[in-house]
Amino acid sequence: MEITKTLAVPAPYLWHKILESVLFDARKATGKPLRENQLAGLTYTKTFANHQKATLQIMDLVPNERYEYQTRTDKNTYTVTYALTAVDNEHTSLTYTEDMGSKGGLQAANDMLTSLLLGWGRKRNFKMMLAKMEEEYHADDQSAAQ
């Protein structure tokens, strides 16, 4: 899955919003408060709502430009990349890429079917989340101006 969208927010703002989530998730999984400069290469085990466990590793972290992580389960490997490009001081192009590798032919077929059935909704939800980030930025901007 790939989504590219230009947002009416500066790159540092979008980066901060992404990293807030990453830091929260890492702290929840490790029990340790972490800073951005401690995230590159970090590996930890994450337990999902369905009690499935996965190993998550932060593969790449370039402030205001790129965040990539990999999640490995006994059935799949997911690689997610957020690539940010500052268009100007108030606009950022974001490319979100999600790749999945499956272990075994039956698992690959199951994953492809699931992706087809759920992909549209996941894209829609992701775009809604981005729109919410834009709204928050502009609401904060209006508050600061008053």
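Numbering starts at 1 and runs along the sequence shown.
Atom OG1 of T71 sits about 8.5 Å away from atom OH of Y78, to the nearest 0.5 Å. Once rounded to the nearest 0.5 Å, the distance linking NZ of K123 with CE of M1 reads 7.0 Å. In this structure, CG on L130 lies 11.0 Å from CG on N125, to the nearest 0.5 angstrom. Annotation: the span from L94 atom CG to L84 atom CG amounts to 5.5 Å, rounded to 0.5 Å.
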Side-chain donor/acceptor pairs under 3.5 Å, residues 14-21, sequence neighbours excluded:
residue, atom, partner, partner atom, Å
W15, NE1, E36, OE2, 3.0
H16, NE2, E20, OE2, 3.0
K17, NZ, E136, OE1, 3.2

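Residues Y44 and V22 are members of one and the same hydrophobic cluster, defined by side-chain heavy-atom contacts under 4.5 angstrom among Ile, Leu, Val, Met, Phe, Trp and Tyr. Taking hydrophobic clusters as Ile, Leu, Val, Met, Phe, Trp and Tyr residues chained together by side-chain heavy-atom distances below 4.5 Å, Y82 shares a cluster with I58.
Side-chain N or O atoms of T92 include one that pairs as donor or acceptor with a backbone N or O of V9 at under 3.5 Å. Panel note: side chain Q38, backbone R35; a donor-acceptor pair is recorded below 3.5 Å.
A side-chain N or O of T4 and one of T95 form a donor-acceptor pair less than 3.5 Å apart. Side-chain N/O atoms of E98 and Y96 include a donor and acceptor closer than 3.5 Å.
Taking all atoms of both residues into account, the shortest heavy-atom contact from A26 to L42 is CB-CD2, 3.9 Å. In plain terms, the two heavy atoms of L23 and L34 that are nearest each other are CD2-O, 3.3 Å. Of all the heavy atoms in A54 and F48, the pair that sits closest is CB-CE1, 3.5 Å. A29 approaches T45 most closely through the heavy-atom pair CB-O, 3.6 Å.
Judged as a side chain to side chain donor-acceptor pair (under 3.5 Å), the pairs with a partner in residues 47-61 (not counting sequence neighbours) are, in order, D60-R66.
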**Request:** Before giving the answer on side chain to side chain contact (heavy atoms under 4.5 Å, CB included), spell out for T81 and Y67 the whole-Å C-alpha distance, their side-chain angles and the decisive distance to 0.1 Å.
**Result:** CA-CA 6 Å; T81 305; Y67 167 59; over 6 Å; no
**Asked** Which is it for K127 and I3 under the side chain to side chain contact (heavy atoms under 4.5 Å, CB included) test, yes or no, and what are the steps along the way?
**Response** CA-CA 8 Å; K127 289 177 181 179; I3 299 170; 4.0 Å; yes
**Request:** Please lay out, stage by stage, how T97 and V80 fare under the test side chain to side chain contact (heavy atoms under 4.5 Å, CB included).
**Result:** CA-CA 6 Å; T97 308; V80 175; over 6 Å; no
**Request:** Give the intermediate values and the outcome of side chain to side chain donor-acceptor pair (under 3.5 Å) for residues Y13 and E90.
**Result:** CA-CA 10 Å; Y13 175 83; E90 289 297 319; over 6 Å; no
**Message:** Apply side chain to side chain contact (heavy atoms under 4.5 Å, CB included) to residues M128 and R124 and explain how you reach the verdict.
**Reply:** CA-CA 6 Å; M128 287 173 49; R124 181 177 164 269; 3.9 Å; yes
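When the shell of 6.0 Å around CG of N89 is examined, it contains 12 or fewer heavy atoms from other residues, nucleotides or ligands.
With sequence neighbours excluded, the residues forming a salt bridge (charged side-chain N to carboxylate O under 4.0 Å, His left out) with D25 are K46, listed by chain and number.
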